[in-house]
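In what follows, a single structure is set out as structure tokens and then discussed.
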Amino acid sequence: MTDTDAGPAPSLADARERDAADPLRAYRDHFSVPEDERYMDGNSLGLAPDTALATLDRVVDEWKRLAIRGWEAADPDWFHYGEHLGDLLAPLVGARESEVVVANSTTVNIHTLIGTFLDTLPGTPAGPDPTADPPAVLVNDLDFPTDHYAVRAQFRQRGIDPDEGLVGVESRDGRTIDEADIEAALRERDDIGIVFMPSVLYRSGQLLDIDRISAAAHEHGALAGFDCAHSLGVVDHDLRNAGAGGVDDGTADGAALGTGADFAVWCSYKYLNAGPGATAGLYVHERHHGTTPALAGWWGNDKSTQFEMRHTYDQADTAGAWQIGTVPMLSSAPIEGATELIREAGIDAVREKSLALTDLLIDLVEDRLGDDFSVGTPREHTRRGGHVAIEHPEGYRLSEALRDRGVIVDFRPPNVVRVCPAPLYTRYEDVWRVVETIEAIVESDAHREYEPRDGGVT
Ligand SMILES: *Cc1c(COP(=O)(O)O)cnc(C)c1O
């Protein structure tokens with residue numbers, strides 16, 4: 001690929017200079033970074049920070065010392081721990097403390113929130129007008145699969161054909177989703193009740209415009225929900241103000257919906273670094289507090305009456321209502337220390353370094369690798385998440401060869417090698433070395449020694 005903006009490719013010395021000047025460089029020492037490896041998979045599973053291990057150790061110790069008393073006597077107490085973690089996360093999503101809670105898994109949270117909001121719409125059995133035509137949920141063709149599985153299941157449970165209800169915005173290039181196509185779908189169809197989009201596409205790394213999508217949804221009387229699994233902890237969010245720039249022409253229901261994304265979900269084991277399968281999180285705008293959760297459980301009860309053990313559900317008047325069962329303390333405790341680290345570093349500084357790292361990666365791929373390579377991730381900062389999709393016809397064999405050489409990346413069909421320089425523990429030098437390793441592999445044809453992919457899990 002030829003470089004049009006001239007200038008030589010950044011050198012190893014340049015990369016080292018940037019590391020020396022990096023205001024976040026000391027954060028790497030908090031992480032268990034594998035020796036002799038370039039770990040580039042922090043968008044799938046973040047490395048372990050010592051701060052997360054410390055809060056986990058504390059809870060284990062509380063369990064030993066306090067046993068059942070931990071629900072009240074631990075500090076912070078376990079009973080309100082999901083809410084407590086929600087308070088810590090609220091600034092990272094740009095929400096009020098009462099709007100955020102840590103609970104369940106991402107997939108379960110999609111089930112309960114899509115179900116909850118379907119039940120508020122005309123055309124669903126529990127909705128205001130069950131005889132109306134069923135509503136549609138607008139998603140896209142490049143979504144993470146679990147999002148579609150969950151939305152489809154929620155339609156089936158309401159007796160609505162998921163092939164009718166689930167509407168996917170098509171990609172024009174197989175990599176990205178154009179927000180204009182989301183707007184067009186909203187204009188063309190009057191049955192869209194919920195727009196449910198990812199913040200960042202898991203394969204190409206495109207960052208979608210949450211603000212613009214929220215405004216468009218609200219202008220057309222649809223709710224706006226987001227899956228922020230691939231952005232939380234690396235991209236700053238302002239969910240409460242999303243859509244503020246939207247035009248309200250006074251003709252749609254948008255005025256009633258007002259500003260702010262309606263709901264969001266995310267997981268804690270990617271850029272939040274809280275460990276494999278760590279408890280997920282969710283946001284529900286306060287205008288929806290009091291709406292009945294689709295998957296109700298005693299942990300979503302008002303905390304002041306929960307232990308009266310009544311058989312009538314007295315739901316919390318916060319996002320806490322969308323908790324279901326007992327907070328999984330051991331899968332939640334690492335979130336406390338991991339989140340504090342990101343808050344201390346500052347999400348704006350984290351984002352700035354992330355963009356600088358991915359800029360360097362993209363520059364090096366374009367300058368040093370051949371025409372077989374292309375970058376599937378948008379160049380514009382406003383459209384880029386935290387990882388880069390490097391496309392190559394032999395992407396699978398390349399990713400295998402990289403792993404054998406200590407460069408931990410992953411492959412996503414058909415041809416994408418995802419490379420994630422997570423900003424809290426990745427150095428500019430690491431990025432430079434990754435591209436050097438790719439170059440060495442293709443120059444020696446070393447990847448051809450690996451079996452082509454036959455459909456297995458990578
Ligand atoms: C990682 C990811 C998930 C994972 O969901 P789990 O329930 O934690 O397995 C869901 N959606 C998106 C967009 C993701 O990137």
Side-chain angles (χ1 to χ4, degrees), residues 40-47 82 85 89 93 101-115 137-154 166 168-169 171 175-177 182 194-208 210 213 224-235 237 239 261 263-283 294-295 322-325 327-328 331-332 334-335 338 354 376-377 384-389 409-413 416 418-420 422 457-458:
M40 296 287 148
D41 223 349
N43 59 322
S44 249
L45 179 65
L47 293 178
L85 294 179
L89 284 169
V93 295
V101 73
V102 160
N104 316 314
S105 72
T106 304
T107 305
V108 169
N109 287 335
I110 298 170
H111 275 284
T112 186
L113 289 169
I114 292 289
V137 174
L138 190 67
V139 293
N140 74 70
D141 284 355
L142 300 176
D143 273 323
F144 194 85
T146 205
D147 298 50
H148 288 204
Y149 303 164
V151 174
R152 284 176 169 275
Q154 290 303 315
L166 192 81
V169 173
S171 168
R175 296 165 169 159
T176 58
I177 295 295
I182 298 175
I194 302 173
V195 176
F196 183 52
M197 291 287 158
S199 52
V200 171
L201 289 174
Y202 78 97
R203 189 166 25 214
S204 71
Q206 179 201 358
L207 173 66
L208 278 86
I210 289 181
I213 296 168
F226 296 93
D227 183 337
C228 299
H230 255 84
S231 59
L232 206 82
V234 74
V235 177
H237 285 300
L239 292 178
F263 65 95
V265 300
W266 57 85
C267 57
S268 310
Y269 49 82
K270 295 173 178 167
Y271 294 101
L272 270 188
N273 309 309
T279 316
L282 63 86
Y283 150 91
L295 307 184
W322 281 270
Q323 295 170 96
I324 301 173
V327 55
S331 299
S332 305
I335 298 172
S354 166
T377 309
R384 191 194 310 158
H387 73 271
V388 172
V409 294
D410 61 29
F411 170 76
R412 289 292 176 269
V416 173
R418 296 192 305 180
V419 181
C420 175
V457 178
T458 63

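Just so you know, ligand 1 is whichever comes first in the structure, and atom 1 is the first atom listed for that ligand. We number each residue from 1, following the sequence as shown.
Every atom of ligand 1 is numbered from 1 in the order shown, and the set under 4.0 Å from a heavy atom of D227 is 10 (C), 11 (N), 12 (C), 13 (C). Set against the non-hydrogen atoms of H230, the atoms of ligand 1 under 4.0 Å away are 15 (O). For ligand 1, the atoms closer than 4.0 angstrom to any heavy atom of Y269 are 1 (C), 4 (C), 5 (O), 6 (P), 8 (O), 9 (O). Near T146, the atoms of ligand 1 lying under 4.0 angstrom from a non-hydrogen atom of the residue are 10 (C).
The shortest side-chain heavy-atom distance between M197 and L138 falls under the 4.5 Å cut-off. A 4.5 Å side-chain heavy-atom check between D143 and N140 finds at least one atom pair inside the cut-off. Contact check for V137 versus Q154: no side-chain heavy atoms found under the 4.5 Å cut-off.
Under 4.0 angstrom from ligand 1, the non-hydrogen atoms of A229 all belong to its side chain. Residue contacts with ligand 1 for D147 involve side-chain atoms from C-beta outward but no N, CA, C or O (heavy atoms, distance under 4.0 Å).
S171 contributes no side-chain N or O that, together with a main-chain N or O of I177, makes up a donor-acceptor pair within less than 3.5 Å. Not one N or O on the side chain of T279 forms a donor-acceptor pair closer than 3.5 Å with the backbone of A103.
Among all non-hydrogen protein atoms, the one lying nearest atom 7 (O) of ligand 1 is T107 OG1, 2.6 Å. Among protein heavy atoms, the minimum distance from atom 2 (C) of ligand 1 is reached at K270 NZ, 2.4 Å.
Classified by interplanar angle (parallel below 30°, tilted 30° to 60°, perpendicular above 60°), the ring pair H230/Y271 is perpendicular.
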